[in-house]
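Read through the structure below, which is laid out as structure tokens, and then see the notes.
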Amino acid sequence: MSSSLGMLSGAISSLLTPQTETPPAWYQPAVDVNWQIQLQGPPNTGYPADLYILDLFDTPQAVINDLQASGRKVICYFSAGSFEDWRDDANRFLATDKGRRLGNWPGERWLDTRSANVRDIMADRIALAAERGCDGVDPDNVDGYSNRTGFALTYQSQLDYNRFLFDRAHAEGLAVSLKNDLGQVQELLPHVDFAVNESCHQWQECHLLTPFIEAGKPVLHIDYLYLDSGARAGHCEEMAALQFRSLTLPLALDDSFRFTCND
């Protein structure tokens, strides 16, 4: 067989051979993962959860180490779209980086996510998560373009910023979530490993998250409404039909109570 025919034969064989997708080099939570999120107060690690979302800065290193030693995963939370005046790196933000106040959250302001300085700080936060041994990150407030931030953020500038965050996380070997930002699910789904959503049921937007389930990626849903067990039963039926993993939690996410549809 001539060399050219051999090359052709090899190319045809390659096309006919089933291609297996290489798994990512970072943690990919299962669609039916049991989980917990707590962002304030001493972390309660006593739940039967495989995945914990905890604060990047405030969580003691021993908590991260102990959870992982018991076979559980730790996702480290930080705000990627807002300035928080109590954080260790707050002095790194420029006056021009800070915009309007963020809702009713004291000490928080929207950030200009187009700023090179902001991006440098967030890259360092992601590197800190890797240094602390986190299995992934949960960057919050990544939907500034749809809010009154004080900056001329656009749909495209938000996509660019979010992809920057997600690519940095993966470069550090970390899983990464899409937190809310339902208007950009289709564009960002290939860049993230799971969704964390607050109250899509309240705003009748949960259908926008079903592409995650179809892609084999979990939707970790937080409900702040259904404290009554009767009302919560109907909510859990809806979440089960969607295959979302839903928790009813306090707005402060301080573990003062926790109801789950799944454990």
Side-chain angles (χ1 to χ4, degrees), residues 24-27 37 39-40 53-61 63-64 73-103 105-181 183-185 187-196 253:
W26 48 81
Y27 169 55
I37 181 170
L39 301 183
Q40 296 191 67
I53 300 178
L54 302 172
D55 189 85
L56 169 62
F57 294 97
D58 296 343
T59 303
Q61 189 65 48
V63 171
I64 296 174
K73 302 295 184 181
V74 178
I75 305 298
C76 291
Y77 167 96
F78 66 95
S79 180
S82 72
F83 167 79
E84 299 164 312
D85 64 8
W86 63 91
R87 294 301 188 183
D88 295 346
D89 57 5
N91 63 340
R92 293 183 58 188
F93 292 94
L94 305 174
T96 53
D97 293 334
K98 306 170 197 175
R100 295 175 60 93
R101 289 185 176 86
L102 187 68
W105 299 98
E108 285 198 61
R109 291 183 177 273
W110 287 103
L111 288 171
D112 185 350
T113 52
R114 302 164 301 176
S115 160
N117 184 56
V118 168
R119 294 185 181 212
D120 286 345
I121 295 169
M122 297 308 161
D124 286 347
R125 288 184 174 185
I126 293 168
L128 174 62
E131 180 183 329
R132 300 202 68 196
C134 306
D135 297 288
V137 289
D138 177 33
D140 199 2
N141 299 309
V142 294
D143 55 357
Y145 79 99
S146 63
N147 290 273
R148 297 179 63 205
T149 63
F151 302 111
L153 304 181
T154 67
Y155 189 94
Q156 287 303 317
S157 71
Q158 190 72 61
L159 281 180
D160 179 71
Y161 180 63
N162 290 356
R163 287 171 179 153
F164 158 77
L165 293 171
F166 305 153
D167 289 347
R168 287 302 310 155
H170 286 158
E172 293 281 1
L174 300 172
V176 63
S177 72
L178 177 63
K179 187 72 162 279
N180 300 320
D181 192 19
Q184 298 187 326
V185 165
E187 291 93 336
L188 295 176
L189 176 59
H191 300 267
V192 294
D193 306 291
F194 59 104
V196 179
L253 296 176

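For reference, positions follow the sequence shown, starting with 1. Any value given below was found using the heavy atoms of this structure, including those in side chains, with hydrogens, waters and symmetry copies removed.
Distance alone, capped at 3.5 Å, places no donor-acceptor pair between the Gln158 side chain and the Leu153 backbone. The backbone N or O of Ile75 lies less than 3.5 Å from no partner atom in the side chain of Tyr27, so there is not a single donor-acceptor pair.
Paired with Val142 under the rule side-chain contact (heavy atoms from CB on, under 4.5 Å), one option of Thr113, Leu188, Leu165 passes, and it is Leu165.
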- Task: Before giving the answer on salt bridge (charged side-chain N to carboxylate O under 4.0 Å, His left out), spell out for Arg114 and Asp112 the whole-Å C-alpha distance, their side-chain angles and the decisive distance to 0.1 Å.
- Result: CA-CA 5 Å; Arg114 302 164 301 176; Asp112 185 350; 2.9 Å; yes
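Using a 4.5 Å heavy-atom threshold, the side chains of Lys179 and Tyr77 count as touching. For the pair Leu111 and Met122, the minimum side-chain heavy-atom distance is below 4.5 Å. Between Glu172 and Trp26, the closest side-chain pair of non-hydrogen atoms is not below 4.5 Å. Counting heavy atoms from C-beta on, the side chains of Val118 and Tyr161 come closer than 4.5 Å. Taking 4.5 Å as the limit, some side-chain heavy atom of Gln184 sits within range of a side-chain heavy atom of Leu159.
Of all non-hydrogen atoms in His170 and Leu174, the two that sit nearest each other are CD2-O, 3.1 Å. Minimum heavy-atom separation, Ser79 to Glu108: OG-OE1, 4.5 Å. Residues Gly150 and Arg100 approach most closely at N-CD, 3.5 Å, considering heavy atoms. The two atoms that bring Ala169 and Val176 nearest to each other are CB-CB, 3.8 Å, heavy atoms only.
Taking a cutoff of 4.0 Å between a charged side-chain nitrogen and a carboxylate oxygen, Asp85 and Lys98 do not qualify as a salt bridge. Between Arg87 and Asp55 there is a salt bridge, with a side-chain nitrogen of the basic residue lying less than 4.0 Å from a carboxylate oxygen of the acidic one.
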